[in-house]
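Working notes for the structure below.
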Amino acid sequence: MFCYYLIMNEEISNIRVRFAPSPTGPLHIGGVRTALYNFLFARKHKGTFILRIEDTDQKRFVPGAEKYILDALNWCGLTPDEGPDMGGEKGPYRQSERKEIYLSFAQQLLESEHAYYAFDTPEELDEMRNKMKASGVLSPTYNSITRSSMQNSLTLGMDEARKRIDSGDSYVIRIKMPRNQEIKFNDKIRGWVSVNTNHIDDKVIYKSDGMPTYHLANVVDDYLMEITHVIRGEEWLPSAPLHVFLYQCFGWSSKMPVFSHLPLILKPDGNGKLSKRDGDRLGFPVFPLNWRASDQNEIFSGYKEQGFYPEAFVNMLAFLGWNPGTEQEIFSLSDLISEFSLDRVGKSGSKYDYEKTKWFNQQHLRLKSDSEIFETITELDNSIVEKFSREYILQVISLVKERAIFDLDILKEGSCFLFNEINFDDSAVNKKWNPAFIPHLKSLSDKLFAINEFAEKNIERVFHDYLQQHNLGLGKIMPMLRIATTGRLAGPSMFRSLEIMGKEKMLNRITEAIDTIKNG
RNA sequence: GGUCCCUUCGUCUAAUGGUUAGGACAUCAGGUUUUCAUCCUGAAAAUAGGGGUUCGAUCCCCCUAGGGACUACCA
């Protein structure tokens, strides 16, 4: 009985998903969302979340990109179960380290006549395409028609092809797409998708540099790594039929993963896929973490450095294309895990909304306790703990919390409490500082200073009594009191502010304000 | 151009044949507040168009329009 219970409890499903970025640059929010959905799906079903680095294109390799990917994933809390750094049974997890594997699979396709050698140079390919365009073909491709007039093992014969290979000619291996065949697959998000092979070209699956292309590597690795569900961006939808065909060629149809093609994240203005440059153009980050390209000084800003909480960032991302079907919008990562379902992922692209992202951060900030915020703001500025007690800082946090979207706002909004020097805001002074009322401000401050128990309620009472006695309007003296004690015209409750700051500081600041503003 | 995918308020979306088409962000108005912010209340705001199927279509089918992705020895 005990054993049975244990087994039930530790049972893990065999669901395996992978996030497969290529290290050609920093991961942008679309990529992070893909990783998130994979992660959520894996966790929800007690499956395995795998990171696989698709670095088959050596020309586009960017140093630091892989580390960035892992750092970004970790910051979001999306740590892979298997991957290049954490290992796993189905490794290695970098395609460049799996190089030898692919050739034998390409050869398998050659032997079954699903693929062939091709010797056409890039120049010859260009020429072919140009010629065809000139003769009215709108989208020339290397396909079942054109391959018969190109240099390949189909036209040359296998013996001749081998000779050329042996003599050192460079070659690629292309898939031999059959004529007029429907390829269908059932996408979890889109339903049945069907394409005729006449519209698919003879894609290169093995490059002349000895590396596979994405298509081959991806299918082979998904098979070898026993991936059960492929969750990726919609940009892969057009090549999915090729991948399905590859499974068929290998005889792996029964092991074919379930495909889910995610809708794209679109630019907030106009249309099109959100891209690298949109962020700085429109004033928001498109990357999770700051990224500096090694060859240039340009820095692309990241959500982390802008002060976003990873949980808010992840919450926002989850809602770009998915919703729980209830009216709840604020979710922690573990809430998302229990609620997530591919069935509730939409089909259409979503425009990114930075305002709503900030709102998510504000909501998550409010969920945090004052002492959690204490931890983060003292990380931001350690000097405050040297100057003030924890108790005092906690009071300031609770006072200004509702005014903040980011942790940094707490520091800004609370600056008059947390830093000894205050700056008098010029426009506030110009607007409301009336020297004629300085005598009143002075005697009011004496009255306030004389309060025994310097607490909000008492301060308020004394303040109002003073106004009444001298027949003064609130609008005359209150703004001056606020400017003198906080430097600004806007802020949280005046009386509570004074209580927290204490009567000594209040008096000093009023005196100082009267001096400096008069003289300034 | 071709292939494939998509189409509900400005934006993210709910409602899978019967709802006054719901919520959130943003916007606007009122209230609370010394102020700004918060908060509360309210307003404005959508089924792309046209045909079917049906007693009844946001929902199913077709066409049109619009948008997007892909169209490399890139992923």
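In the text below, chain A, chain B and the rest are named by the order of the sequence lines, each starting its count at 1. Scope of the values below: all heavy atoms of this structure, side chains included, with no hydrogens, waters or symmetry mates.
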[atom1] spacing across the pair [N] / [M], given as an integer number of angstrom:
{"N": "C4(B)", "M": "C39(B)", "atom1": "P", "value": "49 Å"}
{"N": "G22(B)", "M": "A14(B)", "atom1": "P", "value": "15 Å"}
{"N": "U19(B)", "M": "A26(B)", "atom1": "C1'", "value": "26 Å"}
{"N": "A21(B)", "M": "A65(B)", "atom1": "C1'", "value": "24 Å"}
{"N": "C61(B)", "M": "C5(B)", "atom1": "P", "value": "13 Å"}
{"N": "G68(B)", "M": "U16(B)", "atom1": "C1'", "value": "24 Å"}
{"N": "A24(B)", "M": "C9(B)", "atom1": "C1'", "value": "12 Å"}
{"N": "G2(B)", "M": "U8(B)", "atom1": "P", "value": "25 Å"}

Subject >> Watson-Crick or G-U wobble partner of A45(B), both distances under 3.5 Å >> reply: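 For A45(B), the partner nucleotide comes out as none, under the 3.5 Å rule.
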Just by distance, no angles: are the side chains of [X] and [Y] close enough, under 3.5 Å, to form a donor-acceptor pair?
{"X": "Tyr466(A)", "Y": "Ser443(A)", "result": "yes"}
{"X": "Tyr352(A)", "Y": "Asp278(A)", "result": "no"}
{"X": "Arg179(A)", "Y": "Asn198(A)", "result": "yes"}

Original post:
Toward the 5' end of RNA chain B, which comes first, Tyr352(A) or Phe495(A), by nearest nucleotide?
Top reply: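 In this pair, the answer is Tyr352(A).
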**OP:** Let me have a per-nucleotide readout for nucleotides 24-32 of chain B, 5' to 3', with B, S or -, counting only protein heavy atoms under 4.0 Å.
**Re:** BS-------
Original post:
How does each nucleotide of nucleotides 62-69 of chain B score, in 5' to 3' order, for protein heavy atoms under 4.0 Å: base (B), sugar-phosphate only (S), or none (-)?
Top reply: -----SSS
Subject >> Candidates Leu51(A), Ile231(A), Ile50(A) - the one meeting side chain to side chain contact (heavy atoms under 4.5 Å, CB included) with Phe19(A) >> reply: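 When Leu51(A), Ile231(A), Ile50(A) are each tested with Phe19(A), the side chain to side chain contact (heavy atoms under 4.5 Å, CB included) holds only for Leu51(A).
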**OP:** Return each pair, listed once, that meets salt bridge (charged side-chain N to carboxylate O under 4.0 Å, His left out) where at least one residue sits in residues 457-469 of chain A; pairs must be two or more places apart or across chains.
**Re:**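 Salt bridge (charged side-chain N to carboxylate O under 4.0 Å, His left out) check on residues 457-469 of chain A returns no pairs.
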One thing to verify: whether [Y] and [X] come together as a salt bridge, which I'm taking to mean a side-chain N less than 4.0 angstrom from a carboxylate O.
{"X": "Arg164(A)", "Y": "Asp169(A)", "result": "yes"}
{"X": "Asp409(A)", "Y": "Arg403(A)", "result": "no"}
{"X": "Arg52(A)", "Y": "Glu54(A)", "result": "yes"}

Return the set of residues passing side-chain contact (heavy atoms from CB on, under 4.5 Å) with [X] (not counting sequence neighbours), or none when no residue passes.
{"X": "Lys59(A)", "value": "Asp57(A)"}
{"X": "Ile422(A)", "value": "Cys416(A), Phe424(A), Arg509(A)"}
{"X": "Leu224(A)", "value": "Arg98(A), Ile101(A), Phe105(A), Val220(A)"}
{"X": "Gln362(A)", "value": "Trp359(A), Arg366(A), Ile405(A)"}

Subject >> Check: Ser348(A) side chain, C6(B) base, donor-acceptor under 3.5 Å >> reply: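 No, the side chain and the base share no sub-3.5 Å donor-acceptor pair.
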Original post:
Less than 3.5 Å between a donor and an acceptor, one on the side chain of Arg60(A) and one on the base of C74(B), is that the case here?
Top reply: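 Indeed, a donor on one side and an acceptor on the other fall under 3.5 Å apart.
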I need the residues from [range] with at least one non-hydrogen atom less than 4.0 Å from RNA chain B; give them sorted by number, or say none.
{"range": "residues 191-203 of chain A", "result": "Val193(A), Ser194(A), Val195(A), His199(A)"}
{"range": "residues 173-188 of chain A", "result": "Arg174(A)"}
{"range": "residues 461-481 of chain A", "result": "Leu474(A), Met478(A)"}

Nearest of [options] to any side-chain atom of [X]?
{"X": "Pro122(A)", "options": "C73(B), C36(B), A75(B)", "answer": "C73(B)"}
{"X": "Arg190(A)", "options": "C5(B), C36(B), A37(B)", "answer": "C5(B)"}
{"X": "Asn323(A)", "options": "U38(B), A14(B), C36(B)", "answer": "A14(B)"}
{"X": "Arg482(A)", "options": "U34(B), A37(B), C73(B)", "answer": "U34(B)"}

Subject >> Contacts of type side chain to side chain donor-acceptor pair (under 3.5 Å), residue Ser493(A), not counting sequence neighbours >> reply: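 Side chain to side chain donor-acceptor pair (under 3.5 Å) check on Ser493(A) returns nothing, list empty.
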Considering only distance and modelled atom types, tabulate donor-acceptor pairs under 3.5 Å from the side chains of residues 477-491 of chain A, sequence neighbours left out.
residue, atom, partner, partner atom, Å
Arg482(A), NH1, Pro492(A), O, 3.1
Arg482(A), NH2, Pro492(A), O, 3.0
Thr485(A), OG1, Leu481(A), O, 2.8
Thr486(A), OG1, Arg482(A), O, 2.7
Thr486(A), OG1, Arg488(A), N, 3.2
Thr486(A), OG1, Arg488(A), O, 3.4
Arg488(A), NH2, Glu413(A), OE1, 3.1

Would you say [X] places a side-chain N or O within less than 4.0 Å of OP1 or OP2 belonging to [N]?
{"X": "Thr213(A)", "N": "A75(B)", "answer": "no"}
{"X": "Arg366(A)", "N": "C39(B)", "answer": "yes"}
{"X": "Ser350(A)", "N": "U13(B)", "answer": "yes"}

Original post:
Does the ring pair (Phe, Tyr, Trp, His ring centres under 6.0 Å) test come out yes or no for Tyr223(A) and Tyr247(A), once each step is laid out?
Top reply: CA-CA 9 Å; Tyr223(A) 172 74; Tyr247(A) 276 93; 7.4 Å; no
**OP:** Please examine the side chains of Lys203(A) and Arg174(A), heavy atoms only from C-beta on, and report whether any two atoms are closer than 4.5 Å.
**Re:**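 A side-chain contact under 4.5 Å is absent here.
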**OP:** For the residue pair Lys401(A) and Leu365(A), establish whether any side-chain heavy-atom pair is separated by less than 4.5 Å.
**Re:**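 Contact flag for Lys401(A)/Leu365(A) side chains = yes.
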Subject >> Check: Tyr37(A) ring centre within less than 6.0 Å of Trp322(A) ring centre >> reply: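 Ring-ring flag for Tyr37(A)/Trp322(A): false, centres at least 6.0 Å apart.
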